[in-house]
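Please read the structure below before turning to the comments.
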Amino acid sequence: MSVLARKLVEHSEANEFAIDVLSGLTASPKRLPPKYFYDSVGSALFERITELPEYYPTRTEIGILREHAQDIATLVPAGAALIEFGSGSSTKTRIILSASPLLKAYVPVDISAEFLRDQTAALRREYPAIALLPVAADFSRPFGLPPAIAKMPRAGFFPGSTIGNFEPHEAAAFLRHAGGILGPGASFIVGVDLVKDAQVLQRAYNDSAGVTAQFNLNLLARINRELGGKFNLACFEHHAFFNRERSRIEMHLASLKRQRVKLLGECIELRAGETIHTENSYKYSIESFGAMARGAGWTPTAVWTDAESRFSVHVLRKQPGS
Ligand code: AVJ
């Protein structure tokens, strides 16, 4: 990419952040999109979250992937390219790559070009027989695949229950969109967190070390850093709770007092106790996720869970003609 092209991209990204922040903070109720959690500070905090004793999803999913890696590999088409949507933890990717000797290519798709560069350099050394073809893009939008995989069958990989960040209708639209990218004959490996006891869920998002609170508050710190906002983090509190009616964990930042905050020439007013809604993390049952996948052009083919039914890994097959 030329210097000018890179500048334009950076500029439009900064602009998009400013637009999303201003529109979210002037809306009622106030909200901020969770995709902005992941700057370098936020990504490092998220890595720490995945290691917390209360945060069961990551280690549970890794356990399921390890235990069933061979079964998963048999459902990946021979000679396929593996396309990962939002390449987060390389631990999970390595389990799939190591178990599937017939994979020809690995295409991690991630919004952070820097993260992609670091991650692929290491994988390239470890898997010399697999073509590593990173794509820097927002995976929830249309993006182009590397020409080198044009003729290969494809398998998708979407772990971590990232799908839970979408509203259910958006999750269905994403599954359909992924089907279009992956093409006929594709399989799709999707990690989905399950509905469960509210205590277990609530503890996972209210850890005793306060890392999730820092992760949530970092959104305001990022707005201060990148957009010159004047948020005082001490005047906000992390809230996370399970909304059973909507089957989702909600995260909010609650204003501890009535306050006005300057941002991009605007003045954001908050009432005492008013919240900024920063994240939804939807939880599904195996059946509810399967039904959504069917409605989005996929056939649920296999599903595994852990002994406590906390997390699930689904393999979907693309419905012919969908
Ligand atoms: C990355 C969206 C799956 O919802 O559990 C963790 C993000 N937020 N703790 C999740 C998150 C607070 C995570 N996902």
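Atoms within each ligand, like the ligands themselves, are counted from 1 in listed order. Note that the structure is a prediction, hence the values are computed from the model and not measured.
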inquiry  = Counting non-hydrogen protein atoms only, what is the nearest one to atom 11 (C) of ligand 1? Give residue, atom name and distance.
reply    = Glu279 OE1, 3.6 Å
ask   = Would one find an N or O of Thr212, backbone or side chain, under 3.5 Å from an N or O of ligand 1?
value = no
note = What one should report as the nearest heavy-atom pair of Thr120 and Pro108 is CG2-CG, 3.8 Å
request  = Specify the protein heavy atom at minimum distance from atom 3 (C) of ligand 1: its residue, its atom name, and the distance to 0.1 Å.
outcome  = Gly160 O, 3.0 Å
task = Please work out whether the ring planes of Phe85 and Phe158 are parallel, tilted or perpendicular, with thresholds of 30° and 60°.
result = perpendicular
request  = Would you mind checking which non-hydrogen protein atom is closest to atom 4 (O) of ligand 1, with the distance to 0.1 Å?
outcome  = Ser281 OG, 2.6 Å
query = Using heavy atoms and a threshold below 4.0 Å, how should the contact between Phe37 and ligand 1 be classified: side chain, backbone, both, or neither?
reply = neither
request  = For Ser161, take its heavy atoms, then give the atoms of ligand 1 lying under 4.0 Å from any of them.
outcome  = 3 (C)
inquiry  = How far is atom 2 (C) of ligand 1 from the closest protein heavy atom, and which atom is that?
reply    = Asn165 OD1, 3.3 Å
message = Testing the basics here: between Arg154 and Ile149, what is the closest heavy-atom pair and its distance to 0.1 Å?
response = NH2-O, 3.1 Å
ask   = When rounded to the nearest 0.5 angstrom, what is the spacing between OG in Ser187 and CG in Leu182?
value = 8.5 Å
ask   = Does Pro57 come within less than 4.0 Å of ligand 1, judged by its heavy atoms?
value = no
inquiry  = On a heavy-atom basis, which atom in Tyr127 and which in Arg94 lie closest, and how many Å separate them?
reply    = OH-O, 3.3 Å
query = What is the nearest protein non-hydrogen atom to atom 13 (C) of ligand 1, stated with its residue, atom name and distance?
reply = Tyr55 OH, 3.4 Å
ask   = So does Glu250 pair up with Arg244, basic N to acidic O under 4.0 Å?
value = no
ask   = Looking at Arg310 and Asp193, does any basic side-chain N land under 4.0 Å from a carboxylate oxygen?
value = no
ask   = Which heavy-atom pair separates Ala178 from Phe188 by the least distance, and what is that distance?
value = CB-CE2, 3.6 Å
request  = Mark up the atoms of ligand 1 that fall under 4.0 Å of a heavy atom belonging to Tyr205, in ascending order.
outcome  = 4 (O), 5 (O), 6 (C), 8 (N), 9 (N), 10 (C), 12 (C)
ask   = Does ligand 1 have a heavy atom under 4.0 Å from the side chain of Tyr38, from its backbone, from both, or from neither?
value = side chain
